[in-house]
Amino acid sequence: MASFVLPAHPKIPKGKKLAVIILDGWGEQVSDEYNAIHVAETPTMDALKNGRPDTWRLVKAHGPAVGLPKEDDMGNSEVGHNALGAGRIFEQGAGLVDTALETGKLFQGSGFKYIQEAFPTGTLHLIGLLSDGGVHSRLDQLQALIKGCAAHGAKRIRLHVLTDGRDVLDGSSLGFVDDLEQTLKEVRASGCDALIASGGGRMEVTMDRYENDWNVVKRGWDAQVLGEAPHKFASATEALKKLKEADPKVNDQYYPPFVIVDEAGQAVGPIVDGDAVVTFNFRADRMVMMAKALEFADFSSFDRVRWPKIKYAGMLQYDGELKLPNHFLVSPPEIDRTSGEYMVKNGISTFACSETVKFGHVTFFWNGNRSGQFSHELEEYVEIPSDSGITFNVAPEMKAILIAEKARDAILSGKFDTVRVNLPNGDMVGHTGDFHATVVGCATADKAVKIILDAVEQVGGMFLVTADHGNAEDMVKRNPKTTKPVLDKNGKLQILTSHTCAPVPIAIGGPGLPKNVRFRKDLPNGGLANVAATTLNLLGFEAPADYEPSLIEVVD
Ligand SMILES: O=C(O)[C@@H](CO)OP(=O)(O)O
Ligand SMILES: [Mn+2]
Ligand SMILES: [Mn+2]
């Protein structure tokens, strides 16, 4: 058994309060009119950067630095917070699924064998996000899964697709539907009856998270399981086109639920007793609620009307603590010995807080996709309810100030050694593609940082401010080489709703920070995984030997 006792840091004393602030979706990019952070008034963050090369730097937050397969994979909250909390780089779901598909192991595992039992007489349903974004799922993996299932005996496959427009450009869903239809055609030619059965936009249908709004999951349930939706079409392509014609404001993220019907008007693929279901997203947060609805006998979050007896597997197991779902096709990364666990085992008390839509980021993701606390005595997790049923450009301040005030009160209470928050604005408002609202959101996040830093000042503490990946710093599609916007065929800017591959800032400071502590210069490629050792050092401990190295040094 690994020992959790950490030696004292030889030079940094214990006992100073530490605030850790994560700005969600806050990267560093060219400072121009498409950078909402640059355009926003951000005096607090500017002051941490300007003229402070020893206590401000950039760290990598995308690609292999956070366990993603490729250098052009943008960062995201799951991999970012996993790295921040765990202090090491784990190969993440995207890469694990790639390997399982390439080696064919996915089709030999116990999870696949389990769903395969339903193939002779039942339908296989595949539910998930349809894009090549690589944050929650990937189209090429879905295509390989469909072909592999057909080759391994699936006779009837039904797709329940969620359109994206958040990790990819808005409007790109039509192309992804075309690609998927092509694969389904090939599979049909091999004798497997494969069709799209239902759909809807990811933010409107199924992919809610952290129980912010169960109506989202219910809309998905009604379409996917019951075969009922307000809109019925002969194909997914027709659905996307007609729904857009009827309401030009509708976008890929927010398509209403629809079902595909046959000539007699019957839904082509409701989920019934004896069927198999796979949720093909590898990322956990936005599939956990659906997984609960599919799997839990005791379930009261909405009226399921019918709870079919199915064989259900997740692409991954989404929650190791809850063992949810029980069956899965690929084993998730085993993110163990996170900094949160070390802190608890070394007597460090923690207060963690965010609003609902980011609450699991500083708890569940931070702790290696583990729900619950390590210690009820030493840890307090506070969730501030998020607005639901709106897009965040309508209320771009979100709950940032309330989160900061909770953190301030926790710091001033003297009860906690460390306080950790996620400020959501740059990310959640950035995803709406509304530039002006994102500017307001970023300015608000900056004000929230100030509230926390003022409290740190009062108690003579320290702070570490960083981000989990980029988003708000880039609101248009650019040519990566020239950084100039890439215009569409009509000469218009293409709004970027997604995350980016930008590095993120990290700043340390506060009256409690020993004067001779500064960022090392010999880790130019440092990334988010280097932050955990840094925070353990600031709290007066040496970091575990196998953690990525600390970003700080003490100069004599
Ligand atoms: O909203 C989400 O699910 C993702 C984007 O797909 O954003 P984040 O990783 O910041 O949570
Ligand atoms: Mn994020
Ligand atoms: Mn995001």
Where does the angle between the aromatic ring planes of Y210 and H361 fall among parallel (under 30°), tilted (30 to 60°) and perpendicular (over 60°)?
perpendicular
What I'd like to find out is whether the side chain of W26 reaches to under 4.5 Å of the side chain of V504, using heavy atoms alone.
no
Looking just at side-chain N and O atoms, do N425 and D24 make a donor-acceptor pair shorter than 3.5 Å?
no
Under 3.5 Å, is there a donor on one side chain and an acceptor on the other for S371 and D319?
yes
Is there side-chain contact between L142 and L180, with at least one heavy-atom pair below 4.5 Å?
yes
Report yes if some heavy atom in the side chain of C192 is under 4.5 Å from a heavy atom in the side chain of K155; otherwise report no.
no
For V259, is there any backbone N or O sitting under 3.5 Å from a side-chain donor or acceptor partner on S198?
no
Check whether the side chains of E379 and Y381 place a donor and an acceptor atom closer than 3.5 Å, and report yes or no.
yes
What one should report as the nearest heavy-atom pair of I115 and K311 is CG2-O, 3.7 Å
S339 side chain vs G85 backbone, donor-acceptor pair below 3.5 Å
yes
Salt bridge or not between D303 and K218? Use side-chain N to carboxylate O under 4.0 Å.
no
Rounded to the nearest 0.5 Å, what separation is found between the CD atom of E321 and the NZ atom of K323?
7.0 Å
E548 vs I89 side-chain heavy atoms within contact, under 4.5 Å
yes
What closest approach, in Å, do V205 and G200 show between heavy atoms, and which atom pair accounts for it?
CG2-CA, 3.8 Å
Hey, what's the ring geometry for Y342 with F4, parallel, tilted or perpendicular (30° and 60° as the breaks)?
tilted
Check: N367 side chain, R370 main-chain N or O, donor-acceptor pair, under 3.5 Å:
no
M74 and H469, any side-chain heavy atoms less than 4.5 Å apart
no
Is it true that a side-chain atom of T99 and a backbone atom of G95 form a donor plus acceptor pair closer than 3.5 Å?
yes
Rounded distance (nearest 0.5 Å) linking atom CZ of F280 with atom CG of L159
6.5 Å
Mind checking the CG-CG spacing from L316 to L329? Nearest 0.5 Å is all I need.
8.5 Å
Heavy-atom closest contact (L84 atom, I22 atom, distance)
CD1-CD1, 3.9 Å
With a 4.5 Å limit on heavy-atom distance, are the side chains of L130 and T163 in contact?
no
According to side-chain hydrogen bond (donor to acceptor under 3.5 Å, both in side chains), does anything in residues 289-300 pair up with another residue at least two apart or in another chain? List the pairs.
E211-K292
Does K147 form a side-chain contact (heavy atoms from CB on, under 4.5 Å) with E186? I'd like the steps, not just the answer.
CA-CA 9 Å; K147 288 180 186 163; E186 285 168 34; 3.4 Å; yes
Under 3.5 Å donor-acceptor, W307 side chain and L294 backbone
yes
Examine the side chains of H499 and H62 and answer whether a donor and an acceptor come within less than 3.5 Å of each other.
no
Minimal non-hydrogen separation, R158 against V268, with atom names:
NE-O, 2.8 Å
Judged by atom type as modelled, is there a donor-acceptor pair below 3.5 Å linking the side chain of T363 to the main-chain atoms of F359?
yes
Ring centroid separation for Y312 and H327, is it under 6.0 angstrom?
no
Go through the steps to decide whether D179 and L139 satisfy the test side-chain contact (heavy atoms from CB on, under 4.5 Å), and finish with yes or no.
CA-CA 9 Å; D179 293 346; L139 175 66; 3.7 Å; yes
L96/F282 under side-chain contact (heavy atoms from CB on, under 4.5 Å): CA gap, chis, key distance, verdict:
CA-CA 9 Å; L96 296 169; F282 43 73; over 6 Å; no
How close do L101 and L145 get, heavy atom to heavy atom, and via which atoms?
CD2-N, 4.3 Å
Taking atom types as modelled, find out whether Q224 and T206 have a side-chain donor-acceptor pair closer than 3.5 angstrom.
yes
Any pair with a residue in residues 127-144 that passes side-chain hydrogen bond (donor to acceptor under 3.5 Å, both in side chains), sequence neighbours left out, goes on the list, sorted by first then second residue, please.
D98-R138, D98-Q141, S131-D164, H136-R202, R138-D140, Q143-T183
Under a 4.0 Å N-O cut-off, is there an ion pair linking R337 with D546?
yes
Among D427, D285, D468, the one residue meeting salt bridge (Lys or Arg N to Asp or Glu O under 4.0 Å) with K358:
D427
Give a yes or no on whether the backbone of K70 and the side-chain of D73 come within a donor-acceptor separation of less than 3.5 Å.
yes
Name each donor-acceptor pair under 3.5 Å that joins a side chain in residues 227-236 to protein atoms two or more places apart or in another chain, with its distance.
{"from": "K232", "atom 1": "NZ", "to": "A229", "atom 2": "O", "distance (Å)": "3.2"}
{"from": "S235", "atom 1": "OG", "to": "E238", "atom 2": "N", "distance (Å)": "3.0"}

Would you please say whether a donor-acceptor pair under 3.5 Å links the side chains of T391 and N393?
yes
Does any part of the side chain of S498, heavy atoms only, come nearer than 4.5 Å to the side chain of V168, both counted from C-beta?
no
Looking at N82 and N369, what are the two nearest heavy atoms and their distance?
ND2-OD1, 3.1 Å
When you measure from the side chain of T279 to the backbone N and O of N281, does any donor-acceptor pair fall under 3.5 Å?
no
Any side-chain hydrogen bond (donor to acceptor under 3.5 Å, both in side chains) involving residues 252-272? Give me the pairs, sequence neighbours left out, ordered by first then second residue.
R166-Q253, S173-D252
Criterion side-chain contact (heavy atoms from CB on, under 4.5 Å) on E355 and L402, from CA distance to verdict:
CA-CA 9 Å; E355 62 173 281; L402 278 176; over 6 Å; no
Using the test salt bridge (charged side-chain N to carboxylate O under 4.0 Å, His left out), find all partners of E204 that sit at least two apart in sequence or belong to another chain.
R219
Nearest 0.5 Å please: distance from the CG atom of D208 over to the OG atom of S388.
8.0 Å
CH2 of W366 to NE2 of H81: how many Å apart, nearest 0.5 Å?
6.5 Å
Would you compute the distance between atom CG of L169 and atom CD1 of I495 and round it to the nearest 0.5 angstrom?
10.0 Å
Check for a donor-acceptor pair, side chain of R283 on one end and backbone N or O of Y318 on the other, with a separation under 3.5 Å.
no
Which donor-acceptor pairs under 3.5 Å do side chains of residues 118-125 form with protein atoms, sequence neighbours excluded?
{"from": "T123", "atom 1": "OG1", "to": "R156", "atom 2": "NH1", "distance (Å)": "2.6"}
{"from": "H125", "atom 1": "ND1", "to": "H160", "atom 2": "NE2", "distance (Å)": "2.9"}
{"from": "H125", "atom 1": "NE2", "to": "D275", "atom 2": "OD2", "distance (Å)": "2.8"}

Would you say I310 and D273 make side-chain contact, with heavy atoms under 4.5 Å?
no
State whether the side chain of Q92 and the backbone N or O of G67 hold a donor-acceptor pair below 3.5 Å, judged by distance alone.
no
